[in-house]
Amino acid sequence: MSAPTATADAAPMNRRQTLEALSGLLLVLFVAMLSSTVVSTALPKIIGALNGSQTQYTWVVTATLLTATATTPIWGKLADLFNKKLLIQVAIVVFLAGSVAAGFAHSAGQLIAARAFQGIGVGGLQALVQVAIAAMIPPRERGRYNGYLGGVMALATVGGPLLGGLIVDTSWLGWRWCFFVGVPVAVVALLLLQATLHLPTARRDNVKIDYLGATLIAAGVSLLLVWITFVDDSFAWLSWQTGAMVGGSVLLLALAVLVESRAAEPVVPLEIVRERTTALAILGSLAVGMAMFGGAVFLGQYFQIGRGYSPTEAGLLTIPMMAGVLLSSIVAGRLITASGKIKPYIVAGSVILVAGFALLGTIDHETSLVLVGAAMFVVGVGVGMTMQNLVLAVQNSVALKDIGAASSTVAFFRSLGGTIGVSVLGAVLARRVTDRITHDLAAAGIPTSGGSGGSTLNLAALPEPVQNIVRAAYGDATGHIFLISAAIAVVGILAALLLKPVTLRSSLDLPDTARSVAVAADAVDGAPAFDEVAVDVTGPGERARR
């Protein structure tokens, strides 16, 4: 392996310069996160205005999650080859183009395509902001800046639904501004980073990006999601279409595993995935991903379609879940720091998460809002106690040089779990709603127009008796999908129980790791020591080739 080369783009940044650059990075991270949360309460009106269906409602969210998940590892690999600042600016431009296209969409299909393109930029920003911060701030000092990151994430998570509700409820703005609102902020961030972000370019020679593996993973997951969306509507469960899609998806993912096992720079390093702690954290993260994405998406729809509240009111009603996330993550974090024990809090959080989903599984279109709010708070507490702590458990179990790959792998599968969760729950909701509406319309003597793969969400265009039937169908069906979530989240409890009960290390790296790496470097390269830059950028594939 060739030694890393660095181009002196700039001298090391002082504290003031770091804070200035960090403000631009946090600003663009806020916009990227806001693009997902701002539509959660606005989607019913958006899809209603575009005369879309429940299936399309789900894909507006899924398209962004899917492309962001698939491209995040690619952006990370590109950071080893090219200037990080330039890559961040490219990702911002892609995000801006997708946002503008989404704002000008004239059909649900156009909106889904624009959101998919926007997701490519979101994936880049999520990956590259973390890379840039790591390049600016040494690990020993990075902790003091975590509060800024937490504040930005909390503001985007809590403020996004409220902002989206206000936008669609303001007549002189309209739903299109849910996508336009981030454009000026992203432009300001672009200009700010151009002036303040000055990073040395550290890159490795002969780095190969596993485009084939990334393509196979994205294709396999996409085909599976397409099948989930259309099965039992456009074709039967037992049909040639099901065989072709499921079989094709399994084949593509099997080929992806084969390619990843042989790639010099795999998108998903299998040697890390096979580690017990990482594998268990991935299983637990699937449940957390479903809670994060599915909860916000379908609760906003429940309050508006099932209960008749405005988007702004729906945003306010989702605050209990976000409050639970913030409160439990802060309290659990302090307790973990004080005791050094992490497994008890992950186990407790997993149990609480299942309990919260079970409570949400009891709701219908007439459930007391106090009970709904309490159930959402419990779900939020469960998410807050498990989400970041699962990543922390993985980071504690691997060497410093593997933390980036291990953390990104867990994040990748968490996003993948959220993507699949939204698609599965959305498909189940669409089927149950369609069946319930068809049954109730027939019982009321109202003629139906036949199955359409999902009911229209434009309630204003429906007669009042039909509106009442649609609201009851959505309100009652939402509880069912959360019961499914509770059943799936039980896997998270099992994964948490199987984690090794360890005490978090106080050292930056595993004991004797730095010494062994230095010895290996002496033996292979003939170098007096393995420099710090090389430790930071060496990936599993490169170590295997050494």
Side-chain angles (χ1 to χ4, degrees), residues 32-72 94-124 126 160 164 167-168 174-183 218-231 233-234 245 249 293-294 296-298 300-301 304-305 311 415-416 418-431 433-434 452-458:
M33 293 190 65
L34 191 70
S35 67
S36 298
T37 60
V38 75
V39 300
S40 59
T41 55
L43 263 183
K45 278 201 171 183
I46 294 173
I47 296 299
L50 296 175
N51 291 316
S53 66
Q54 175 63 43
T55 296
Q56 292 170 322
Y57 180 105
T58 302
W59 270 95
V60 170
V61 179
T62 303
T64 305
L65 290 175
L66 179 61
T67 53
T69 300
T71 57
T72 292
V94 173
F95 172 80
L96 286 171
S99 300
V100 172
F104 283 114
H106 292 287
S107 68
Q110 292 177 5
L111 179 59
I112 292 170
R115 289 277 290 173
F117 187 77
Q118 185 186 48
I120 298 175
V122 172
Q126 289 177 344
I167 288 174
V168 296
W175 64 265
R176 297 185 186 275
W177 274 95
C178 288
F179 305 103
F180 292 148
V181 69
V183 172
V221 173
S222 299
L223 187 58
L224 182 63
L225 294 178
V226 170
W227 172 72
I228 291 171
T229 301
F230 293 106
V231 70
D233 178 38
S234 300
M245 289 186 177
S249 178
F293 299 111
V297 170
F298 296 113
Q301 186 178 20
Q304 291 179 68
I305 304 299
S415 298
L416 187 61
T419 306
I420 295 175
V422 170
S423 289
V424 171
L425 295 179
V428 172
L429 182 64
R431 299 293 87 76
V433 165
T434 300
S452 59
S455 304
T456 177
L457 299 182
N458 188 5

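Here NZ of K45 is found 10.0 Å from CD1 of I305. Values are rounded to the nearest 0.5 Å. We find the CH2-CD1 distance between W59 and I47 to be 13.5 Å, quoted to the nearest 0.5 Å.
Under the rule for a ring-ring contact (aromatic ring centres under 6.0 Å, His included), W175 has no partner lying at least two apart in sequence or in another chain. For T67, there are no side chain to side chain donor-acceptor pair (under 3.5 Å) partners two or more places apart in sequence or in a different chain.
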Report, one line per pair, each donor and acceptor closer than 3.5 Å where one atom sits in a side chain of residues 94-108; sequence neighbours left out.
residue : atom : partner : partner atom : Å
S99     : OG   : F95     : O            : 2.8
S99     : OG   : Q118    : NE2          : 2.8
H106    : NE2  : F104    : O            : 3.4
S107    : OG   : Q110    : N            : 3.2

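Residues I46 and L111 have side chains in contact (heavy-atom distance under 4.5 Å, counting atoms from C-beta outward).
S249 contributes no side-chain N or O that, together with a main-chain N or O of M245, makes up a donor-acceptor pair within less than 3.5 Å. Between the side chain of R115 and the backbone N or O of A63 there is no donor-acceptor pair closer than 3.5 Å.
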